[in-house]
Structure formats: structure tokens, C-alpha cells
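In what follows, every heavy atom counts, from backbone to side chain, and hydrogens, waters and symmetry copies are set aside. These figures come from a predicted structure and were not determined experimentally. Chain A is the first sequence line, chain B the second, and so forth, proteins listed ahead of strands; every chain is numbered from 1.
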Protein chains: 2
Amino acid sequence: MRADARKNYEDLLTVARTVVVEQGAGASLRDVARKAGVGLGTLYRHFPTRESLLEALLRESFDGLTTKAIEHETSASPGDALVTWLRDVVTLANDYRDVVASMVAAIDDEDSALHASCVSMKAAGARLLTRAQAAGVARTDIDGADLFALVAALAWLGDQPALAPLADHLFGVIAGSLLVTGAGGDAKVKTKARVAGSKSRP
Amino acid sequence: MRADARKNYEDLLTVARTVVVEQGAGASLRDVARKAGVGLGTLYRHFPTRESLLEALLRESFDGLTTKAIEHETSASPGDALVTWLRDVVTLANDYRDVVASMVAAIDDEDSALHASCVSMKAAGARLLTRAQAAGVARTDIDGADLFALVAALAWLGDQPALAPLADHLFGVIAGSLLVTGAGGDAKVKTKARVAGSKSRP
DNA sequence: ACCTGAACACCGTTCAAGT
DNA sequence: ACCTGAACACCGTTCAAGT
């Protein structure tokens, strides 16, 4: 890649990151090009589709989560491993705005630039689930696809201004109901107690 | 209202209904006006905002759900009443496409045309929840706002093509975890058993 | 090789001009 | 009273023309 091309590529990515954080995954690409001081055609040359731009933005983080999941696969507590990892996924998704719908759409679309990373992540989560189920700490009427959908739904909550304040609590509720509250007992999800009145404060 | 105005109003609504079903809440208003054979200004005269159009489309259904909830308040089984009603809400939301985000946004926006209907619905759901909690069949670490958020998240699943097939099953999972699986026992959510291999069939 | 910006077909929204 | 459509400021996407 030529030096000027590389610089444009990186400038675009830097600008896109802040724009997607602030305005969401549907932000104006024209705006991104403008802010990067680059012609619109240059943006399309480097990122032929919106997904390819998102992919460049998110790939590192996605792959990081996949790696983390693999590490968790050897941890002592399969239940904690699962829940901790799920929380990390939601947190990442909520670092940007409205990326979760793109993520979900990419799962079934082999042509999407986000496809591979999302499929890997989903598979990694599925393995953590299977392990927790094998250990008897997770319910067995759920599979990897269900888990992915639940995490997506929880991440979606964080994107809605009216619901975001509840997202943490609901994560605890859902995560808790994934786990079997039976014999083992060490797999209980710690839900931060909600501060009474935290809603009514000005 | 003049006769021609009334006709335009109704034509717009009829067209909008099918367009929102097919293309979603973000559909082109220009397209709606065009298909209704009406000037674009006429659409804006009758429906100054997109929400006001959605409100006209959904008000009847929303109020119907609120009424239904009130009827449920005197039913014999508070647990069944709650779950049945929640399912109806999700079903309605999934009759259209992508309306759930507008619904959620309206909750906190007093200026939205959808505000009143949504607040009523949320309150009606909250009463069903409170009753179920008082009867000891619903967990008590959830409030009306949480319930509304969970229902919204479940409805959102139905809007995502990749996740919609799982939405029914996950409704059962979430609804089941709202209920206390304790003494009463009659409040268990019947989740349709999933047909093995239903996913892998071509 | 790579960059640029005009060109095209779309939006949402407003508002002067018509009946 | 009500309707219309042009006008404006935006999009996404493509592609001839430049260096």
C-alpha cells in the first residue's frame, strides 16, 4: 500500500471510530470522509461497504473476545467464566452505538465483512455454554444460538437511552436465569444491588 | 374535517399500514404519500411527525392491550395473566416492523405522539406484575420498568431476521424466569418443545 | 495506484402558490 | 380549508477525470 493511501486509511478509521461512538453505526459516511479530510471516493475505495468499515473498526475487539473465551475454557468455574465473558461482550457492544444489529445481521450473511468475526464469537460463546452445561451449572434448554440472541438483546437495551439505565440489572436477571441455582451454588450471579431512589434523583 | 381531507387521511393510513408492515417504521414517507396518491405536503399536514403517523396506526392496538391487561387483573391466575398478556404485546409489536424502538423512545419523550399510549401500556403491565408478585408467583427483584424493557428486547428479537426463529423459545425462557417456580406450581410457562432438527432442515 | 468531486437517484421538511 | 409540488439541504453510490 502506498504511503498516502495508508495514511488516508488510518485517518478514516480514526475518524470513523469517534463518529460511530457518537452517532452510531448508521452515521453518514460522507461526514466521515469530510472529517477525515478525504474525498468520498477514497472512503469507498478503502471500505466498499459500511460493514467493511465496521469490520475494520471492530475486528480487533471481536477477536479479542474470542481469545478471551478460549482462555476462559480452562478456568475453574465454568459458570463464572460464562457470565463474565457475556458481560464483556455486552460491554464491548455498548462502547459503540447501534452496532449490535449489524452484528446480528452478519451472522446469517456470509457476504458481510463482519461475518467471520461474528461467527467465531458466537461459536466461542457456545463452547463456554456447553462447558457450563456439562458441569451442571447452566440450564440445558438453551443452545449457542439462543445465547447469542440473548446477549444481542441485552446489548440492544444499552443502545436505547430510555432503557440503558436498566441494562445492568437486567443482565444480572437474565444471566442468573441461565445458571442452574441448584446443588453447586457457587455459580450465583452477583447482581449489584440497586441503589434505592437512583431513578428519582435529579 | 372536510370530506376530501378525511378521505386523504384514511388513504394515507391504509397505505402507511401496509408499508410499515413491509418496510418498517423507518419507511419513506414520500413513498407513502406517493402510493396514497397524495401530495407530500398533505401527508405532513395530517401527520406532522413520523410518530404521529405511527400513533394513528398503533393507538387502537395499544389501547386494546391496555384494556386487555385491565381485564386480566381480575383473572384467577395472576401468573398466567401476566405471561399471556406479555405474549400479546410481543405479538402485536411483531405485526409491524421496527416499531419497538419508537415505542421505547416514546416512553421518555413527553412530546412524542406515542407517549401516552406507551405509558398506559407500561403501567398496565406493571399492575399485572405487581399482582403476580403479591400472589407470590413472580420474582420481586423486577419492577414495571424492567418488565417493559424485557418485553421490548423480546420484541426486538422478532425484528431481526437472524434471530426471529428463536424469539418464541426465548420468550418462554424469559417469561419462565420471571415466575417463581416454587410452591404454587400452577404458574409454569408452557414452552413449546422445540422440534429437534427444525433448524437443520433445508 | 490512488485520489477527487461531480453526477445521479434518493431522502425529510418547509412553504409559496393554487383551489 | 385544504392540497400541491418545487425548493432546500441532506444522503449513498458510482465513475470519469485527474495526479
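With rounding to whole Å, A/R45 atom CZ is found 16 Å from C/dG5 atom P. What separates CG of B/L40 from P of D/dA7 is a distance of 15 Å, to the nearest Å. Atom-to-atom, NZ of B/K7 to P of D/dC3 comes out at 11 Å; the value is rounded to the nearest Å. Distance B/K35 NZ to C/dC11 P: 10 Å, rounded to the nearest Å. Computed from coordinates, the B/D31 CG to C/dA9 C1' distance equals 14 Å when rounded to whole Å. Summarising the geometry, the separation between CG on B/L43 and C1' on C/dT14 is reported as 13 Å, rounded to the nearest angstrom. In this structure, the OH atom of B/Y9 is 13 Å from the P atom of D/dC3, given to the nearest Å. One can place CD of A/Q23 at 11 Å from P of D/dG12, the figure rounded to the nearest angstrom.
Using a 30° and 60° split on the angle between ring planes, B/Y9 and B/H46 fall in the perpendicular class, above 60°.
For the OP1/OP2 pair of C/dT4 and a distance below 4.0 Å, the side-chain nitrogens and oxygens of A/R34 include no atom meeting the criterion. Side-chain nitrogen and oxygen atoms of A/R2 include none within less than 4.0 Å of the OP1 or OP2 phosphate oxygen of C/dA1. Residue B/H46 places at least one side-chain N or O under 4.0 Å from the OP1 or OP2 atom of D/dC3. Look at B/T42 and you won't find any side-chain N or O under 4.0 angstrom from OP1 or OP2 of D/dC2. Between B/N8 and D/dC2, a side-chain N or O to OP1/OP2 separation shorter than 4.0 Å is absent.
With respect to A/D4, the salt bridge (charged side-chain N to carboxylate O under 4.0 Å, His left out) criterion is satisfied by exactly one of A/R2, A/R6, A/K7: A/R2.
A distance of 9.0 Å separates CD of A/Q133 from CG of A/L82, quoted to the nearest 0.5 Å.
Salt-bridge annotation for A/D63 and A/K68: absent, with no side-chain N of the basic residue lying under 4.0 Å from a carboxylate O of the acidic one.
Considering only side-chain atoms of A/M1, the nucleotide from D/dG12, C/dC2, D/dC2 that sits closest is C/dC2. If you check D/dC2, D/dT4, C/dC2 against the side chain of B/A5, the one that comes closest is D/dC2. The A/D4 side chain lies nearest to C/dC2 when the options are D/dC2, C/dC2, D/dT14.
Interface remark: the B/R30 side chain does form a donor-acceptor pair with the C/dG12 base, using a distance-only criterion of under 3.5 Å.
Counting any heavy atom pair closer than 4.0 Å across all strands shown, B/A27 reaches sugar-phosphate atoms only and no base atom. Here B/L29 lies in heavy-atom contact (under 4.0 Å) with sugar-phosphate atoms only. Contacts of A/R50 with the nucleic acid, taken as non-hydrogen atoms under 4.0 Å apart, involve only primed sugar atoms and P, OP1 or OP2.
Between the side chains of B/R131 and B/T74, no donor N or O sits under 3.5 Å from an acceptor N or O.
D/dT19 is paired with C/dA1 under the criterion used here, namely a Watson-Crick or G-U wobble arrangement in which both key atom distances are under 3.5 Å. Remark: C/dT13 base-pairs with D/dA7. Criterion, Watson-Crick or G-U wobble with two distances under 3.5 Å.
A donor-acceptor pair under 3.5 Å is absent between the side-chain atoms of B/R139 and the main chain of B/V180, judged by distance alone.
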